[in-house]
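In what follows, a structure is listed as C-alpha cells, so that the remarks can point back to it.
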Amino acid sequence: MAAGAALALVVVACGGGDGAASALGDGSLGSVEVGAGESVQIRSLQATTEVGSGPTNDLMVRIAVADYGPIHGFEVNVESLDEGCSPEGGEAGGSLIAADASVAGVVGTTCSVAAIAAAPLVTGAGMTMISPSNTSPLLTSDGAGVPGPHFHEGYWRTAGNDLYQGAAVARFLYDRLGVTAAATVHTGDAYTESLAAAFVANFERLGGRITGTGELADEQTDVAATLRNLAADGPQALFMSVSLTVGTAIVEQRGDVPGLADVPLVANEGLLDRIFMSLPQTAGIYFSSPNVRFGQNTNQGTGASAEEVLANYRDASGADPDGAFWGHAYDATVLLLEAINAASAPDGDALSIDRAGVRQHLSEVSDYQGITGALTCDAWGDCGSQRIDIVEHADPADITFTRTNVVYEYEP
C-alpha cells in the first residue's frame, strides 16, 4: 500500500477519457452505480503472500491504474485480496468479491488453481475477471473451438494458453536439442498437470517417446524415489511442471540419481522466480517463459512504454519484477479499465457502469497494442500473443540476464 501511495508522486496519470457518446451494454447483467464523490472499485485478486508473480502482478495493477487515471472524472480505487495460489484462497477471495455489488471488475488470479474456484463466483455475479498469469487451457479452450471444463463467460486473460507452452518445450527438445525420449513430472493440480499433458501430446505428435510421467505432492520434499523411477527407462531430458517446493527438491536431489543427473532439464514458467533461480543447482537448466522482450512496445490506453512501466515498477519496489508476467498484468489492468470506461455513462453527478457492456468491450478487443504486443481476445477469453521463449539459465547470480537469454523462440 505504501508503494501504491508513492506511485501518486512519480506517475503522471494520462486519463481514461472524458466521456463517450453512448456507453456499451444492454443492462442484462445489471449495473454498478458510483455516487458523487465515490470511486470506481476494482479488485486485485493475486497470490500476494507467495513468491514470484503474485506480488509483482499486484503492484503492477496499481501502476496501471495510476497511469490510466480517472474514468469520466471518477478516481479508480484498487483493493487487494490474497488467493494464496490455492483453490481455497480462490474460493474465499471470489466469494468476498462476488458479494460486493460496488465492484466493477477484477484483475486476477495469479494461479490457475485459484481461478478455477474464483471465476465461477465472480462471473456468476455478473462481474468481469481478467487474469495476467493464468495459463491452464482448462479455463479457456483447447485451441480448436472446444471450451475447457472450467470456462466461464466473463473471464479473460492476457497470459498465454499452456497448449502453446507445451508445444514450445516439445519443439525445443525435439527439434533443437535432438531429444527423442523424454520424461515429465507434475504436481497434480490444474496448472501443472495440464501443462505436462500439453507437452506430452506435442512431443509424441513430433515423433518423440515419453519414457515416464511422475506425480508428486505440491509440498513434497523427498523426491528421490520418483526420480529413480523416471530415470529407469533412459530419458534424454526431463520436463518438470511443478511447484517451487518440488522444483527445489528435484534440482537438489537429481544429481544423486544415475541416468538423470546430466540430462537437460526444462522448468515451467512458474519457477521463473528469484528464490528458485538463485539456487546453484539451477545453473544450466532451461525455462519456458512468456516472451518478455517487449522492446519499444507501448500500451495504447496509457501511452506508456515498456521501459517506462518497468522504471515505475523499479521506483516503487526498489527491485526488478520477481515474475515473468509484469507486462501481462499491466495490459490486463488497462484492458479492464478501458472496458469499464466504454461501459460507463455519467448520470448527473454519478456514474453508471453497465456490467454487460464491460464484457462486450473485451469481447471485441482486436489488435490492441499492449506492452506485451498485439492483443486479440477470442470467444473463450484468450487474448495473449501466445509467444513463448526458452531461456537458458547461465548464472544463478545474474537472474536478470537469464530472463532475456533466449535460445529458442516459438510463435504459433
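Please read these numbers as outputs of a predicted model, since none were measured by experiment.
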>> Is it the case that the side chain of R359 and the backbone of M127 share a donor-acceptor pair, with hydrogens and angles ignored and the cut-off at 3.5 Å?
In response: yes
### Message
Measuring only between side-chain heavy atoms, which start at C-beta, is T211 closer than 4.5 Å to Q236?
### Response
no
ask   = Taking atom CD of E307 as the centre, does the number of heavy atoms from other residues, nucleotides or ligands within less than 6.0 Å exceed 12?
value = no
Just by distance, no angles: are the side chains of D354 and S31 close enough, under 3.5 Å, to form a donor-acceptor pair?
no
**Study point:** V365 and E338, any side-chain heavy atoms less than 4.5 Å apart
**Key:** no
Item checked: Contact check, side chains of D331 and L375, non-hydrogen atoms, under 4.5 Å -> yes
Between T48 and S80, is a side chain to side chain donor-acceptor pair (under 3.5 Å) present by the stated rule, with each step listed?
CA-CA 8 Å; T48 55; S80 300; over 6 Å; no
d(E91 CD, E83 CD) to nearest 0.5 Å is 13.0 Å
Looking only at heavy atoms, the pair that brings L230 and L238 closest together is CD1-CD1, 4.1 Å
Open item on the list: Any non-hydrogen side-chain atom of H361 less than 4.5 Å from a side-chain atom of I340?
Closed with: no
Correct closest heavy-atom pair for S289 and E269 would be CA-CB, 4.4 Å
Can a donor-acceptor pair be found, under 3.5 Å and without considering hydrogens, that links the side chain of S243 to the backbone of D218?
yes
Practice problem: Look at the side chain of T376 and the backbone N and O of D367, then say whether any donor-acceptor pair between them is shorter than 3.5 Å. | Solution: yes
Quick one: are D398 and T402 in side-chain contact, heavy atoms under 4.5 Å? no
- Query: Going by the angle between their ring planes, with limits at 30° and 60°, are Y174 and F203 parallel, tilted or perpendicular?
  - Reply: perpendicular
What one should report as the nearest heavy-atom pair of V223 and Q253 is N-OE1, 3.1 Å
- Query: Within a strict 4.5 Å, meaning less than it, do heavy atoms of the P264 and L177 side chains meet?
  - Reply: yes
Practice item. Evaluate the ring planes of Y410 and Y164, with Trp represented by its six-membered ring, and classify them as parallel (under 30°), tilted (30 to 60°) or perpendicular (over 60°). Key: tilted
Requested in this report: Could you please spell out the steps behind the side chain to side chain donor-acceptor pair (under 3.5 Å) verdict for N134 and Y191?
Outcome: CA-CA 8 Å; N134 294 163; Y191 161 56; over 6 Å; no
Check your understanding: Going through the checks in order, is the ring pair (Phe, Tyr, Trp, His ring centres under 6.0 Å) test met by H393 and Y286?
Key -> CA-CA 6 Å; H393 193 30; Y286 302 97; over 10 Å; no
Between T248 and the options I250, L244, T245, the side chain to side chain contact (heavy atoms under 4.5 Å, CB included) test singles out L244
On a heavy-atom basis, the closest approach of H328 and A159 is CD2-CA, 3.9 Å
**Prompt:** Can you check whether V185 reaches V242 side chain to side chain, under 4.5 Å on heavy atoms?
**Reply:** yes
Item checked: Backbone of N297 reached by a side-chain donor or acceptor of S305 within 3.5 Å -> no
Exactly one candidate in T109, T110, N57 meets side-chain hydrogen bond (donor to acceptor under 3.5 Å, both in side chains) with S133; the answer is N57
| field | Flag, side chain of N299 to backbone of G303, donor-acceptor distance under 3.5 Å | value | no
- Query: Would D100 and R43 pass as an ion pair if we require N to O under 4.0 Å?
  - Reply: yes
inquiry  = Quick check: do T372 and F294 have side-chain heavy atoms less than 4.5 Å from each other?
reply    = yes
